[in-house]
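Since this is a predicted model, take the numbers as computed values, not measurements. All values below were derived from every heavy atom in this structure, side-chain atoms included, with hydrogens, water molecules and symmetry-related copies excluded.
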Amino acid sequence: MDNKTLQNAANQARGLAIDAIEKCSSGHLGLPLGCAEIGAVLFGEILKVNPKKPSWLNRDKFVLSAGHGSMFIYSWLHIAGYNLSIDDIKNFRQKGSKTPGHPEFGETEGVEATSGPLGQGIGNAVGMAISAKMAGATFNTDDAKIFDSKVWCLAGDGCIQEGISSEASAIAGVLKLGNLVLLYDSNDVTLDAMADKTMTEDTAKRYESYGWEVCTCNGHDIDAVRSALLSAKNSTSDKPKLIIFKTIIGKGIAEIENSAKGHGEGGAKFADSARKSLGLPEEKFYVSQETYDAYADAFKAREQECEQWENLFAKWQEANPELAKKLDICLNKKSKGMSAEELLKLIPEFPADDKSATRASGGKIMNELAKHLPYMITGAADLFGSTKNYLKDMGDFSAENPQGRNLWYGIREHAMGAITNGIAYSGIFEPSCATFLTFAGYMLGSIRVSALSRLPVQYVFTHDSVGVGMDGPTHQPVEMVSILRCIPRLDVIRPADSEECASAWAMALAKKDGPTALILSRQNIPLQTSVSAETKRMGTLKGAYIAKKESGELKKIIIASGSELQYALKAGEQEESTRVVSMPSMEVFDRQTDSYKEEVLPASCQNRIAIEAGISQMWYKYASKVVATDDFGFSADAPYLFEAFNISEKALLD
């Protein structure tokens with residue numbers, strides 16, 4: 001495509017951004033205007049995508065980490081021929097539109113990830129690059145490289161400043177993700193002020209120290225932009241690439257260029273003069289037929305590339321039936337995946353004398369299931385030895401072994417969450433990740449996005465209560481389970497013993513419309529043998545069940561989760577008229593039918609007491625009294641802590 005055509009397209013994309021933001025009086029003009037030439041070349045000449053088949057398996061992925069600049073991606077998806085009409089552009093930020101304020105996964109073709117929290121997209125892109133490397137190593141053959149795509153991520157100063165980007169970029173360097181390209185819109189402006197007020201580092205040197213290749217160029221010089229992007233596209237280096245594009249924020253609106261005013265919608269009031277300076281006609285939401293035609297022609301070659309790949313893929317399937325079957329299982333786990341009941345059949349019952357901490361039994365369960373589920377991978381924030389989620393004999397993912405199913409993140413919980421989401425966005429592998437529950441707070445931004453995007457991610461959080469003991473209050477997460485329960489679409493499951501843990505994992509892997517947090521104990525918990533394994537397994541699948549039935553008239557109900565079920569059962573044994581209910585998951589129980597909920601917790605019995613070694617507040621929706629730990633703990637052996645908070649069978653007895 002010639003430079004004049006690309007420049008015209010860039011200016012017309014600027015016009016779309018100005019008009020959309022002016023129309024709704026809301027949005028961010030800075031990046032869409034400042035990166036227009038980058039978008040023109042990237043979508044016109046570089047990205048290996050097919051707008052007619054946006055889910056093409058071997059497509060390049062583009063992530064807009066600086067999600068506030070959403071009109072950038074919407075303008076270019078429209079111009080490139082994706083299913084995003086000019087009316088969709090006109091409905092920017094309106095209810096029910098395909099152009100929400102920040103890009104949201106699943107709502108707009110061509111949007112690969114939900115973005116908005118700054119830096120998350122960089123972590124997502126690292127995860128996508130890992131997934132692509134793993135897919136290539138797992139499924140490519142000498143005769144057919146069916147996976148060889150790249151991941152492109154556009155980020156701004158805000159993304160670069162957020163600590164999550166440093167964590168994610170460091171691990172990308174360690175793993176030598178040569179298929180990852182980070183495009184840095186370096187305009188030296190943040191929302192409140194010029195960037196030098198808060199940012200004096202040499203970003204290029206920092207990324208070089210991470211093991212990245214770095215180049216810097218003028219983001220408004222089309223020849224320079226093309227040269228930098230082509231170099232990254234054609235590179236065979238195993239180093240990830242950072243291209244620092246020096247740009248002018250709000251370029252095209254003279255009144256706000258190169259200032260913090262260029263960040264938001266303030267420049268929209270100068271729309272008429274800006275359109276004249278950009279050479280645009282008075283007609284708003286204007287894209288010339290010449291631009292549409294040029295991009296349509298440019299994508300014809302990529303459509304042919306997609307067709308050639310489909311032919312290659314068909315031959316690969318025929319020549320490699322076992323690999324093809326394995327890939328089919330990975331790709332269709334959502335529509336053809338095993339149910340929780342089917343998954344439970346793969347997990348042997350635990351012996352009656354089992355006293356495992358649920359972190360330990362959880363590890364055994366994961367290893368059993370991973371033998372049957374080729375898409376199941378996991379990772380830990382330097383805690384495999386404690387969280388017990390390591391998949392034995394399945395290798396460690398690395399530059400030398402990209403087939404490995406265990407990811408070592410180092411002490412990088414925040415990036416671990418975003419990278420895990422990136423793997424899930426890619427749709428081939430289904431990831432879990434693990435750390436201590438007390439550090440879930442470091443990951444809440446990523447957990448929230450995985451719930452928002454309905455990603456099937458499993459979060460393994462161990463060391464779940466004051467039962468951690470002598471490590472003290474910094475490691476005793478009394479509040480974290482309640483915090484996680486407040487996140488919509490996230491199922492929180494706190495199993496009481498190994499059999500409930502089996503169901504927890506089966507539920508988590510069967511769930512395909514959102515994430516699950518598995519809350520597991522550090523301390524050993526005896527198997528509750530007064531309840532059959534069948535009752536526990538099937539009951540856990542419903543979120544709550546009757547663990548001990550009352551004799552005669554029902555006068556009291558004790559509700560418990562996790563390690564505290566043992567105290568509830570001991571108390572229940574001393575009161576014939578008392579029912580004991582195990583409730584490993586509030587969210588799952590609340591989704592059951594009214595008749596089942598009434599069966600377990602009949603409205604006729606309001607004398608209810610709940611017990612959990614955590615914050616009490618959420619339990620009052622089910623009980624009138626709660627035995628809990630409404631304060632931080634202290635450093636001591638676990639029995640002393642439970643005694644100090646009166647977490648005991650005695651506290652449950654009248």
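Using cut-offs of 30° and 60° for the angle between ring planes, the Y425 and F105 rings count as perpendicular. In this structure, F139 and F147 have tilted ring planes: the angle between them lies in the 30° to 60° band.
Looking at E303 and K52, a side-chain N of the basic residue comes within less than 4.0 Å of a carboxylate O on the acidic one, giving a salt bridge. The pair K53-E109 does not count as a salt bridge, with every side-chain nitrogen at least 4.0 angstrom from each carboxylate oxygen.
No hydrogens or angles considered: nothing links the side chains of T108 and Y74 as a donor-acceptor pair under 3.5 Å. Defined by atom type and a distance below 3.5 Å, a donor-acceptor pair is present between the side-chain atoms of Y459 and S450. Side-chain contact annotation: Y390 with N367, donor-acceptor N/O pair under 3.5 Å absent. Side-chain atoms of D396 and S398 include no donor-acceptor pair closer than 3.5 Å. Donor-acceptor pairing under 3.5 Å is recorded for the side chains of D148 and N58.
When each of H463, H475, H414 is tested with F439 by the rule ring pair (Phe, Tyr, Trp, His ring centres under 6.0 Å), just one qualifies, namely H475. When each of K205, K239, R206, E208 is paired with V214, the side-chain contact (heavy atoms from CB on, under 4.5 Å) condition holds for E208 and for no other.
No close placement of the F245 and H220 rings is indicated, their centers lying 6.0 Å or farther apart.
At a threshold of 4.5 Å between non-hydrogen side-chain atoms, the residues L327 and F313 count as touching. The shortest distance between side-chain heavy atoms of L182 and Y207 falls below 4.5 Å. By the 4.5 Å heavy-atom criterion applied to side chains, W316 and N140 are not counted as neighbours.
Note: M128 CE to N421 CG = 9.5 Å, rounded to the nearest 0.5 Å.
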